[in-house]
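Below is one structure, written out as structure tokens; comments come after it.
Throughout, a chain's letter reflects where its sequence line sits, starting with A, and its residues are numbered from 1.
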Number of protein chains: 2
Amino acid sequence: MPGPGRGVTIADVAARAGVAASTVSYVLSGKRSISPETADRVMQAVADLGYHPHAGARSLASRRAGVIAMMLPLRDGMHLPVLMQFASGAVTEARRHDQDVLLMTADEGPSGLARMAASAIVDGLILMDVEVQDPRVETLRRLGLPSVLIGFPADAEGLTCVDLDFTAAGRVCADYLIERGCEDIALLGASEAVYERRTGFAERVREGFLGRSGPRGEVWPCPDDAVAVQRTVKELLTSKPDLTGLAVHNEPAVGHVMHALSDAGKRVGEDFQVVVIGPDEIAERVHPQLPSVLVPAETLAETAVRHLMRKLDGLEVADATLIEPQLTLR
Amino acid sequence: MPGPGRGVTIADVAARAGVAASTVSYVLSGKRSISPETADRVMQAVADLGYHPHAGARSLASRRAGVIAMMLPLRDGMHLPVLMQFASGAVTEARRHDQDVLLMTADEGPSGLARMAASAIVDGLILMDVEVQDPRVETLRRLGLPSVLIGFPADAEGLTCVDLDFTAAGRVCADYLIERGCEDIALLGASEAVYERRTGFAERVREGFLGRSGPRGEVWPCPDDAVAVQRTVKELLTSKPDLTGLAVHNEPAVGHVMHALSDAGKRVGEDFQVVVIGPDEIAERVHPQLPSVLVPAETLAETAVRHLMRKLDGLEVADATLIEPQLTLR
DNA sequence: CCACGTCATCGAAGCGCTTCGACAAGCCAG
DNA sequence: CTGGCTTGTCGAAGCGCTTCGATGACGTGG
């Protein structure tokens, strides 16, 4: 029992190993060479005493907190399970680098970032769900806090960004449908509102899809309420009677689309193919289950953390990184 | 621009306000009385300079980190959206108390707790999803780190626990069905596995339900795959032909149950009543939407944080707190 | 008008760690 | 055998903050 009130300090370890405190520090950090014998003795003392450096003291002396912040849009419409996967991935990867993760909500906004920077409570941060016009971006640039963004703001100059390669996602969907032998195919996109909010990604999916499909493909925007989906699908089928393949890039609409197709006499999975761009649950919850291209939240998180760690170590990192989408068959 | 390399320190604030550093500290903490004039000048300097105390230095000197840890079961079967609500609620409440939140995964286990304690990186912690036999509980007790558990371990002696009042949830469901005029009613529970893992809560729902229903009620455990649900429901209807009310305490099974009932010719919402114990989305996603008793994750989180803060301030806190379930009609 | 609380403020001593410069010891080339 | 490196270790100086005791400057009752 290491004494309940007092914590074990580096001095205790040093005393037990018969060395100076600084030596213990060097053994632990590896910043100077220490003879194997001494190192062993120190490590033994560390283990015996269950020593862990005091985080505050370390951060004060070394100007490195060993903590990174993760700012998530915890309240609004983001798809919760995906966020959670992301958080989980980030924490796991961070622990691999001996870092802890501080959780912030996006509604702390720019002033939250300022607080993080000024209080030196974290070494860097990861900003999730960055929008095209994001008020946090300017603050971030000004603060000079090392950071990695998930998503691409309009002006990404000097920032490190990571995101799903949506163009590739569009391509993957088109390829899937074509390989299944579909002649005419279409992409049912998001509602106008989504396009406006974060122009980038919807546009890119479209390009990827059309680039692969050629003239046999079309892209239709689509609202997400049941009625409008019914109508849109009906119009689409009328306009392209030979349509046998559909990619849906609109999470809430997937269920409605399936109904509409079934109403129109299409047998999905048999004479008609559907592929979804979106999280697994969406594609799994309909009948029949659909193949889907998912946002690889975990990979995204890992990549973001890894990039941040490189920046903290003063290494070069690519400004923009696109993560390959993954097609899951079902 | 506060100078990119250097941070603003308390000394800078003191200089600008023309006082000693200790005075600034006292103004900020309110631990000694300071004349209003001086306090104003100091606050002005703080604002002008955008001063935030260095978290590490503060934690070193005051033995208070201003951070609490939240250990979530980030990887396994927990319902993700609920976890997220919980996390969100906790962060928001913590910020109200000027605390930040460190995110840990449950798979860091007892050694993770030891690290938190020894490195003094957090002042206390919240343990989510505590199981009846939880290896972390003993470590926690030994470490003496202030903590609040969500859930009840077998031996809660000396620990502060918060949880949904599952007995009340069972009662609420039974009451709802009885009030709707159902004669025979049943509770469709979780799969055996869940019962084994965390005996506590399933057991309590059962008691609450039966306590209210009397002999007209029955409790059936139920696996969560489609086929088994179909079978279980069929058997249930055969065994209790006059059944008109059903409570479902099995999140993944809800959709299947609805199918099975519809196959059996029951009109839910008309000649047959169903109520769900589980998160909102589950009850909203089926047709017709069902009334549900939800886990008030946000309230739970807030309560947990509030209790933890009281403990950190050396105040008394009830050992066990049960949160009232809320019935949402739809 | 003096001794004595009160109030507002200051200065200094750490908190536990990292890091820098210093310094013995051992090594090798000359 | 000496001068100059390297290697391994130590001691001391902070990092920025809180907190404790001390110190003036007042006001007040005797």
Atom pair distance, as rounded to whole Å: CG in A/L49 and P in C/dG16: 14 Å
Residue closer to the 5' end of DNA chain C, B/V19 versus A/S29 (nearest nucleotide): B/V19
Under-3.5 Å donor-acceptor pair between A/R41 side chain and D/dG8 base: no
Whichever of B/R32 and B/H54 has its nearest DNA chain D nucleotide further upstream toward 5': B/H54
Candidate list A/M71, A/M104, A/M70, test side-chain contact (heavy atoms from CB on, under 4.5 Å), partner A/L127, passing option: A/M71
Distance, rounded to the nearest Å, where B/I10 contributes CD1 and D/dT18 contributes C1': 8 Å
Test applied, side-chain contact (heavy atoms from CB on, under 4.5 Å); reference residue, B/I68; option that passes from B/V91, B/V101, B/D100, B/V148: B/V101
Interatomic distance, A/L60 CG vs C/dT19 C1' [rounded to whole Å]: 13 Å
Length of the CG-C1' vector between B/L28 and D/dT18, whole Å: 12 Å
Base C/dT18 paired with A/R58 side chain (donor-acceptor, <3.5 Å): no
A/S33 side chain near D/dT7 phosphate (N/O to OP1/OP2, under 4.0 Å): no
Qualifying salt bridge (charged side-chain N to carboxylate O under 4.0 Å, His left out) pairs with a residue from residues 34-62 of chain B, counting only residues at least two apart or across chains: B/R16-B/D48
Donor/acceptor link under 3.5 angstrom from A/R63 side chain onto base of C/dT18: no
Under 3.5 Å: donor-acceptor pair, side chain of B/S88, backbone of B/M84: no
Nearest-0.5 Å distance that lies between atom CG in A/L83 and atom CG in A/L74: 7.0 Å
Close approaches to DNA chain D from residues 117-124 of chain B, in residue order (heavy atom, under 4.0 Å): none
Minimum-distance nucleotide to A/A61 side chain [options: C/dT9, C/dC17, D/dG16]: C/dC17
Test log, rule salt bridge (charged side-chain N to carboxylate O under 4.0 Å, His left out), inputs B/K311 and B/D123: CA-CA 10 Å; B/K311 289 181 89 166; B/D123 300 321; over 6 Å; no
B/T139 vs B/R142, side-chain contact (heavy atoms from CB on, under 4.5 Å): CA-CA, chis, key distance, verdict: CA-CA 5 Å; B/T139 308; B/R142 182 163 45 73; 3.6 Å; yes
Sugar-phosphate, base or nothing in reach of B/S25, heavy atoms under 4.0 Å: base
The helix from C/dC1-D/dG30 to C/dG30-D/dC1: angle between end helix axes, five pairs per end, rounded to 10 degrees: 40°
Phosphate-side-chain proximity, B/S62 and D/dC17, N/O vs OP1/OP2 below 4.0 Å: no
Spatial distance of atom SG (B/C161) from atom NE2 (B/H307) [nearest 0.5 Å]: 11.0 Å
Under-3.5 Å donor-acceptor pair between A/Y26 side chain and C/dC20 base: yes
d(CD1, A/I34; P, C/dT18) in whole Å: 13 Å
Backbone of A/G314 reached by a side-chain donor or acceptor of A/R310 within 3.5 Å: no
Side-chain donor/acceptor of A/S22 to base of D/dG11, under 3.5 Å: yes
Sugar-phosphate, base or nothing in reach of A/T38, heavy atoms under 4.0 Å: sugar-phosphate
A/E138/A/R141 ion pair, N-O < 4.0 Å: no
Under 4.0 angstrom between B/K31 side-chain N/O and D/dT19 OP1 or OP2: yes
